[in-house]
Amino acid sequence: MIEVSHLTKRYGSNAAVDDLSFTVENGQIYGFLGPNGAGKTTTMNILTGYIAPTSGEVMIDGHNILEEPEEARKCIGYLPEIPPVYPDMTVLEYLQFAAELKKLPKKDRDAMIAEVMQTTGLTEMQGRLIRNLSKGYRQRTGLAQAILGYPDIIILDEPMVGLDPKQIIEIRELIKSLGKKHTVILSSHILSEISAICDHIMIIAHGKLVASDTPENLMNLMRGSGSLELTVRAKASEVRRMFSSLPGVKSLDVKDSQEAGACDAVVKTDADNDLREMIFYLCAQEKKAILRMQHTHVSLEEVFLELTEDHPKEEEPKKKRRFGFGGKSAKREEEDDAGSGTGIGYGVSASDAEAESRASSGMPENQEGED
């Protein structure tokens, strides 16, 4: 369905996306994870045709996104992090406008819009101005626009950011239902939601793909970081003496427990090395009671942190100074991830153009913007 080959996007000396390659199969929900500035939004903007890569190729259902942009975009529904809605329109007016932009057949528009509003829970809100909707309903409106026309691929950039727990649950169930009929690519920082929703997870760090697999396999691959947690009625020195000699122990952490006369121990072992039975007999031999024993495995959060923190970082680009009329200067800093927020970037932004104009006329700058 989607084939990304050696994708690279550079802004000056900074590589927002660095030789990225992956494949997205039909009928699955993909989670796209990475820390801030990793290149997630840039990658999504390239996949949807909003910006062009420096090099590399993106194929959408057999169509090259640069050579056949219109055919490729027909396969995609996109919801940026900030929904591209018009606050002075009602929900129904906005969806009618979106249907016209997508060139949907006129005879099918009303039925499609009604079905999409029912799917996203917007039927009762269709007559309300978008400016008067809660953030959750604005997200739903943006999502309704994305799935209008029933595209094969739906790309969602941080669809749950800023939502309350109830809204997150509602959007999660909605995304799950979409995954039954569409291929969904979802970026989010809420790792528990990614784990609960997605069939496949891709982790990106500093523009590079560092892991791509199912949530279960990612955690199984790092089972060596699994641990055995115990509470033993013994002194800490006695527990260290007993457990440090066990075969395959990678690390041992012992501290006093809240339980009187006991201590807590965390034993990290090699992969596939289960010490529970050996520890049971050892404690029985030493006449030390085991009050608690729990075998735990690495979480998705730990996988994410280990894969992203250990990856080497690119050097930060140097800041440039530009001098305007009368020797006045305006400090300019290149963005690490162009188009973050709405996912729309076409070179110089409106704020940059205004800053240039002010600098050339000698007027003071009024700096505003988003991170």
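Expressed to the nearest 0.5 Å, how far OG1 of Thr141 lies from CD of Gln139 amounts to 9.5 Å. Taking CD1 of Ile194 as the reference point, atom CG of Leu33 lies at 5.0 Å (rounded to 0.5 Å). Here OG1 of Thr183 is found 6.0 Å from CD1 of Ile153. Values are rounded to the nearest 0.5 Å.
For residues 107-161, there are no ring-ring contact (aromatic ring centres under 6.0 Å, His included) pairs, not counting sequence neighbours. Pairs of residues two or more places apart, or lying in two chains, never qualify as salt bridge (Lys or Arg N to Asp or Glu O under 4.0 Å) while including a residue from residues 53-67. Applying the salt bridge (Lys or Arg N to Asp or Glu O under 4.0 Å) definition to pairs two or more places apart or across chains, those involving residues 109-135 are Asp88-Arg131. Within the structure, every pair that satisfies the ring-ring contact (aromatic ring centres under 6.0 Å, His included) test and touches residues 85-125, not counting sequence neighbours, is listed here: Tyr86-Phe97. The side-chain hydrogen bond (donor to acceptor under 3.5 Å, both in side chains) contacts involving residues 171-181 comprise Arg172-Glu193, where partners must be two or more places apart or lie in separate chains.
In this structure, the side chain of Lys268 does not engage the main chain of Ser251 through any donor-acceptor pair within 3.5 Å. Side-chain atoms of Arg73 come within 3.5 Å of backbone N or O of Gly49 as a donor-acceptor pair.
With sequence neighbours excluded, the residues that form a side chain to side chain contact (heavy atoms under 4.5 Å, CB included) with Thr54 are Lys9, Arg10. By the side chain to side chain contact (heavy atoms under 4.5 Å, CB included) test, Leu246 pairs with Phe243, Val249, Leu275, Met278, Ile279, Leu282, sequence neighbours left out. When the ring-ring contact (aromatic ring centres under 6.0 Å, His included) test is applied to His182, no partner is found at least two apart in sequence or on another chain. Every residue two or more places apart in sequence or in another chain that forms a side chain to side chain contact (heavy atoms under 4.5 Å, CB included) with Glu68 is listed here: His63, Glu71. Under the salt bridge (charged side-chain N to carboxylate O under 4.0 Å, His left out) criterion, Arg240 pairs with no residue, sequence neighbours left out. In this view, Gln285 satisfies the side chain to side chain contact (heavy atoms under 4.5 Å, CB included) rule with no residue, not counting sequence neighbours.
In this structure, Pro53 and Val17 have side chains that are not in contact, with every pair of non-hydrogen atoms separated by 4.5 Å or more. Side-chain contact between Ile185 and Tyr78 is absent, with no heavy atoms from C-beta onward closer than 4.5 Å. Residues Thr120 and Ile147 form a side-chain contact, since some pair of their non-hydrogen atoms from C-beta on lies under 4.5 Å apart. Residues Met89 and Gln96 form no side-chain contact, since every pair of their non-hydrogen atoms from C-beta on lies 4.5 Å or further apart. Side chains of Met202 and Leu209 form a contact here, defined as non-hydrogen atoms less than 4.5 Å apart. Between Pro151 and Ile76 the shortest side-chain heavy-atom distance does not fall below 4.5 Å.
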For this session: Check the pair Leu143 / Leu178 against side chain to side chain contact (heavy atoms under 4.5 Å, CB included), numbers first and verdict last.
Result: CA-CA 11 Å; Leu143 188 55; Leu178 292 174; 4.2 Å; yes
Problem set entry | Evaluation steps, side chain to side chain contact (heavy atoms under 4.5 Å, CB included), between Tyr30 and Glu25 | CA-CA 9 Å; Tyr30 284 77; Glu25 301 294 339; 3.5 Å; yes
For this session: Before giving the answer on side chain to side chain contact (heavy atoms under 4.5 Å, CB included), spell out for Leu291 and Arg233 the whole-Å C-alpha distance, their side-chain angles and the decisive distance to 0.1 Å.
Result: CA-CA 7 Å; Leu291 305 180; Arg233 193 175 295 283; 3.6 Å; yes
For this session: Decide yes or no on side chain to side chain contact (heavy atoms under 4.5 Å, CB included) for Glu286 and Val232, but give the supporting numbers first.
Result: CA-CA 11 Å; Glu286 297 279 344; Val232 183; over 6 Å; no
Exercise. Can you check side-chain hydrogen bond (donor to acceptor under 3.5 Å, both in side chains) on Thr8 and Asp19, steps first, answer last?
Worked result: CA-CA 5 Å; Thr8 299; Asp19 196 30; 4.9 Å; no
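Each of Ile65, Asn26, Leu47 was compared with Ile2 under the side-chain contact (heavy atoms from CB on, under 4.5 Å) criterion, and only Leu47 meets it. Among Met125, Glu170, Gln145, the one residue that satisfies the side-chain contact (heavy atoms from CB on, under 4.5 Å) test with Arg140 is Glu170.
Within 6.0 Å of NZ on Lys235 lie no more than 12 heavy atoms contributed by other residues, nucleotides or ligands. The local environment of CD in Gln28 is crowded, with over 12 non-hydrogen atoms from other residues, nucleotides or ligands closer than 6.0 Å.
A salt bridge does not link Arg292 with Glu259: every distance from a Lys NZ or Arg NE/NH1/NH2 to an Asp or Glu carboxylate oxygen is 4.0 Å or more.
Grouped by direct or indirect side-chain proximity (heavy atoms under 4.5 Å, Ile/Leu/Val/Met/Phe/Trp/Tyr only), Val266 sits alone.
A donor-acceptor contact closer than 3.5 angstrom is absent between the side chains of His6 and Ser55.
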